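Each remark here refers to the structure printed beneath this line.
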Amino acid sequence: MIRHVFLWNVRPDAGPGAAQRILDALNRVKDEPVAALSWTLGPDAPAPGSEDSGGRWQYGLVCDYEDQEHLQAYYSTPEHATVVDEVVPLIADRAVCDFEL
């Protein structure tokens, strides 16, 4: 199984509602055209006392795919490309990590 982790911060000048627009856009590709085995996303919820631990991200998406081919099928869809084009202008920083479980 491949776990895909996507972390990001919203651009401060992206305007009101930018964070929700990103979440909504990502949720559009949750089940179609290539459904992930699992899909969880949301805002950072730091434990009390850890807010200043450094390097925190505002939002994260964690999803699982059967294997590298399944993940590549998701990456290769026009729908994924559309979401990328939509959200990247709203994102200040991002990190991606795909690893095998």
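Side chains included, hydrogens not; waters and symmetry mates left out as well; all remaining heavy atoms used. In this text the structure is predicted, and so the values were computed from the model without any measurement.
Glu79 places no side-chain N or O within 3.5 Å of a backbone atom of Val29 that could act as its donor or acceptor partner. With hydrogens and angles disregarded, no donor-acceptor distance shorter than 3.5 Å links the side chain of Asn9 to the backbone of Asp93.
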Run the numbers on Arg56 and Asp44 for side chain to side chain contact (heavy atoms under 4.5 Å, CB included), then give the verdict.
CA-CA 8 Å; Arg56 297 202 73 96; Asp44 182 35; 2.8 Å; yes

Under the criterion side chain to side chain contact (heavy atoms under 4.5 Å, CB included), I'd like the reasoning laid out for Ile2 against Leu101: C-alpha separation, chi angles, the key distance, then a yes or no.
CA-CA 6 Å; Ile2 302 293; Leu101 296 177; over 6 Å; no

Test side chain to side chain contact (heavy atoms under 4.5 Å, CB included) applied to Tyr65 and Met1, step by step
CA-CA 6 Å; Tyr65 292 88; Met1 182 172 358; over 6 Å; no

Take Asp64 and Arg3, measure what side chain to side chain contact (heavy atoms under 4.5 Å, CB included) needs, and give me the verdict at the end.
CA-CA 4 Å; Asp64 294 330; Arg3 177 151 294 159; 2.7 Å; yes

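Aromatic ring centres of Tyr75 and His4: separated by under 6.0 Å. Less than 6.0 angstrom separates the ring centroid of Phe6 from the ring centroid of Trp8.
Note on Leu23: it clusters hydrophobically with Leu61, by side-chain heavy-atom contacts below 4.5 Å among ILVMFWY residues. Cluster membership for Leu71 and Val84, using ILVMFWY side-chain heavy atoms within less than 4.5 angstrom, is not shared. Under the 4.5 Å side-chain heavy-atom criterion for ILVMFWY residues, a single connected hydrophobic cluster contains both Tyr74 and Val87. Note on Trp39 and Val96: same hydrophobic cluster, where clusters join Ile, Leu, Val, Met, Phe, Trp and Tyr whose side-chain heavy atoms are under 4.5 Å apart, directly or indirectly.
Across all non-hydrogen atoms, the minimal contact from His70 to Glu66 is ND1-N, 2.8 Å. Shortest non-hydrogen contact noted between Glu86 and Arg21 is OE2-O, 4.5 Å. Contact detail for Ile91 and Arg94: the closest heavy-atom pair is CG2-CB, 4.0 Å.
Counting only heavy atoms from C-beta outward, the side chains of Gln58 and Pro43 never approach each other to under 4.5 Å. For the pair Val10/Tyr59, a side-chain contact is recorded, criterion being any heavy-atom separation below 4.5 Å from C-beta on. Side-chain contact between Gln20 and Asp24 is present, with heavy atoms from C-beta onward closer than 4.5 Å.
Remark: Glu32 CD is loosely packed, at most 12 non-hydrogen atoms of other residues, nucleotides or ligands lying under 6.0 Å away.
Partner of Leu41 under the side-chain contact (heavy atoms from CB on, under 4.5 Å) criterion, out of Val62, Asn27, Ile22: Asn27 alone.
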